[in-house]
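Inspection log for the structure reproduced underneath, given as structure tokens.
Values below: all heavy atoms of this structure, side chains included; hydrogens, waters and symmetry mates excluded. The sequence lines fix the lettering, A, B, ..., with proteins before strands; numbering per chain opens at 1. Fair warning: this is a prediction, and the values are worked out from it, not measured in the lab.
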Amino acid sequence: MFKEQDYDVIVVGAGHAGCEAALSAARLGMETCLFTINLDTIAHLSCNPAVGGLAKGHLVREIDALGGEMAKVTDQAGIQFRMLNLSKGPAVWSLRAQIDRMLYKRAMRRSLERQERLVIKQGMVERIVAEGGTVKGVVSSLGVFYAARAVVVTTGTFLKGLIHIGLENFQAGRAGEFPSIGLSDSLRELGLEMGRLKTGTPPRLDSRSIDFSRTTPQWGDDPPVPFSYSTERITNPQLPCYITYTNQKTHEIIRGGLDRSPLYS
Amino acid sequence: MVRFADKERHQIFLEPEGLETTEYYANGISTSLPYDVQVGLVRSIEGLENAEIMRPAYAIEYDFVFPSQLKHSLETKGVEGLFLGGQINGTSGYEEAAAQGLMAGVNAAMKLKGCPPLLLKRDEAYIGVLIDDLVTKGTSEPYRMFTSRAEYRLLLRHDNADFRLSEKGYALGLVSGEAYERYSGKKRALAAEIGRLRGERIKPSLAVNEGLSALGTSALAGDVTLEKLLKRPEVHYSFLKRYAAPPSELGPEVESLVEIHVKYEGYIRKQVEMAERADAFESKRIPSGLDFKAIPGLSREVVEKLARVQPENIGQASRIPGITPAAVAVLLVAVERQWRRSGNS
């Protein structure tokens with residue numbers, strides 16, 4: 001088997017977990033390699049275009065205090081910042097930011113590419129190699145072996161991902177992306193017990209077809225409060241969100257379609 | 001969606017996807033309904049009567065690893081050097097994922113350097129709560145963070161994360177000198193201002209008493225410390241700034257910290273004491289490889305649960321679902337006997 005390179009740490013998956021894992025390992029002096037199935041979807045916000053919110057905002061601040069990247073990237077990509085729960089006690093005040101998805105990805109990728117000791121590779125990891133109960137490295141779908149003294153697996157929803165839209169279903173890691181099939185079996189072979197979870201994401205609409213005059217705009221705080229303790233000022237233009245409501249007709253339509261919904265959610 | 005089909009109405013939050021796109025995220029319409037139903041559903045909503053769907057809603061199912069197979073360092077118990085982080089551990093959310101990724105990356109590096117792992121306690125960080133919940137309780141549905149999951153909420157505020165964690169991050173080499181210096185400056189400013197509020201007294205001048213009456217609180221009869229005045233629920237730091245300003249501007253972050261410290265001092269102290277009491281259990285280590293089966297008085301169900309999670313200390317054992325206080329007491333006696341026998345603790 002062709003062996004390209006040895007690393008201290010290999011990180012499999014470049015989502016929000018993988019980016020922080022790779023940066024922190026490299027910052028602590030490790031020769032690190034970050035694998036992603038697609039270089040163009042690094043740090044992709046695959047669900048809502050927002051970071052933080054109740055309790056989650058606390059996590060982002062903690063990541064920042066430990067030298068992580070999420071808060072700084074959020075500040076570079078944020079297009080609305082709002083302090084939530086100010087009517088309650090200070091323990092539950094929490095910051096939330098709306099995010100420009102493209103700016104977020106670009107900012108995180110910039111941080112990764114500027115990090116010393118960190119290599120980023122597009123490739124699908126098919127197998128984790130272990131001997132005598134100790135990890136030895138990974139094998140890619142091209143049959144290339146990469147040795148590592150530690151491997152961090154951060155594959156999100158990609159392991160045997162199966163998308164459902166009504167009775168239609170297809171294998172995918174996320175809408176429009178390859179799933180990871182072999183890696184899941186490899187983890188099982190290493191003795192890990194696995195289960196199955198499901199999650200969902202709503203539709204995306206074209207704003208040119210929305211009548212915003214019949215909705216209620218909600219603006220962020222002015223001036224916006226940044227997430228990172230080291231950000232001086234938010235420089236992006238700020239946008240509102242809009243609020244509307246479902247009604248009885250909506251609920252009838254939902255009930256009428258349930259017999260063709262594979263997963264109640 | 002089914003969950004709210006019975007309610008009168010449900011809020012839909014339309015979020016912009018970016019500055020240079022017309023795409024909007026319709027938060028609240030998460031569904032795996034067929035496409036034709038999605039179109040009717042969306043167009044039944046006020047303002048969305050003519051809405052074009054750019055991407056349909058979908059549901060995704062995927063494999064995850066039962067997280068009770070992990071140590072607190074996020075290393076798997078079964079394979080040395082293999083760490084897992086994020087949704088693969090059964091969580092939901094970018095922030096939960098990023099927090100675990102950071103910890104897994106740090107602990108992979110710590111292991112290779114031959115250093116002890118970075119472990120955060122439940123009274124130190126939501127990250128500590130997150131990881132302890134996952135490895136101790138496991139999860140059968142996507143785990144997301146709520147403030148209600150933390151016992152010591154008043155200690156784990158979003159405004160003091162740097163006070164809780166910067167020193168650890170700096171000692172490890174993760175936090176830059178510049179960021180650490182900024183934090184140290186804040187810490188000094190906070191201490192100095194609290195000292196001033198305790199020492200400096202304010203006199204019941206006409207202006208001060210008029211200001212207090214405008215806030216709906218009683219006038220001062222004699223002089224009091226600034227600290228005591230700020231403890232009144234109606235009085236905020238902005239009042240002190242007007243009538244007894246600090247020698248130099250503190251900035252909104254430190255001002256808010258000062259106010260929280262003074263107003264909530266009693267509650268904060270109580271939570272610190274609670275955490276210290278709990279710490280007695282957290283520091284009672286369970287010897288690794290302890291044979292739970294051999295402990296008389298533990299039910300088979302309890303033994304199975306202990307064997308699966310392999311708790312590192314009595315505190316963690318007490319948080320495993322189904323472990324009763326009685327079982328914890330039995331385990332504590334057994335653990336203490338074991339340590340006495342081996343001559344250390």
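The contact between B:N160 and chain A is made entirely by backbone atoms, counting heavy-atom distances below 4.5 Å. Contact of A:E168 with chain B is not made at all, since no heavy-atom distance falls under 4.5 Å. Contacts of B:S140 with chain A are made by backbone atoms alone, with heavy-atom separations under 4.5 Å and no side-chain atom involved. At a 4.5 Å heavy-atom cutoff, the contact between B:L82 and chain A is made by backbone and side-chain atoms alike. For A:R188, the part sitting under 4.5 Å from any heavy atom of chain B is the side chain, from C-beta outward, and nothing else. Heavy atoms closer than 4.5 Å to chain A are found nowhere in B:V129, neither backbone nor side chain. For A:L54, the part lying near chain B is the backbone, with the side chain staying farther off; criterion is any non-hydrogen pair under 4.5 Å. Of the two parts of A:I99, only the backbone, made up of N, CA, C and O, holds a non-hydrogen atom closer than 4.5 Å to a non-hydrogen atom of chain B.
Residue-level contacts of residues 175-185 of chain B with chain A, in order of numbering, are B:V175, B:R182; threshold 4.5 Å between heavy atoms.
Checked against the 6.0 Å centroid criterion, the rings of A:H16 and A:Y104 qualify as a close aromatic pair. Annotation: B:F66 is in aromatic contact with B:F64 [ring centroid separation under 6.0 Å].
Interface summary for chain B: among A:E62, A:M194, A:R27, A:R61, the most heavy-atom pairs under 4.5 angstrom belong to A:E62. Contact tally against chain A (heavy-atom pairs below 4.5 Å) for B:I45, B:N50, B:L112, B:V65: the top residue is B:L112.
Cation-pi check for B:R157 over B:Y264 is not met; the charged atom does not lie both under 6.0 angstrom from the ring centroid and within 45 degrees of its normal. For the pair B:R9 and A:Y245, the cation-pi criterion (under 6.0 Å, within 45° of the ring axis) is fulfilled.
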Set out, in order, the CA-CA distance, both residues' side-chain angles and the distance that settles salt bridge (charged side-chain N to carboxylate O under 4.0 Å, His left out) for B:K187 and B:E167, then state yes or no. CA-CA 11 Å; B:K187 190 178 165 188; B:E167 280 166 24; 3.1 Å; yes
Audit row: B:E23, B:R55, salt bridge (charged side-chain N to carboxylate O under 4.0 Å, His left out) steps and yes/no: CA-CA 9 Å; B:E23 193 175 346; B:R55 303 182 208 229; 2.7 Å; yes
Under the side-chain contact (heavy atoms from CB on, under 4.5 Å) rule, what do A:I243 and B:L14 come out as? Steps first, then yes or no, please. CA-CA 6 Å; A:I243 295 167; B:L14 303 169; over 6 Å; no
Step by step, work out the side-chain contact (heavy atoms from CB on, under 4.5 Å) result for B:T147 and B:Y126. CA-CA 8 Å; B:T147 50; B:Y126 274 90; 3.4 Å; yes
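Partner of A:L34 under the side-chain contact (heavy atoms from CB on, under 4.5 Å) criterion, chosen from A:L23, A:I10, A:L118: A:L118. When each of B:L130, B:I127, B:L70 is paired with B:Q100, the side-chain contact (heavy atoms from CB on, under 4.5 Å) condition holds for B:L130 and for no other.
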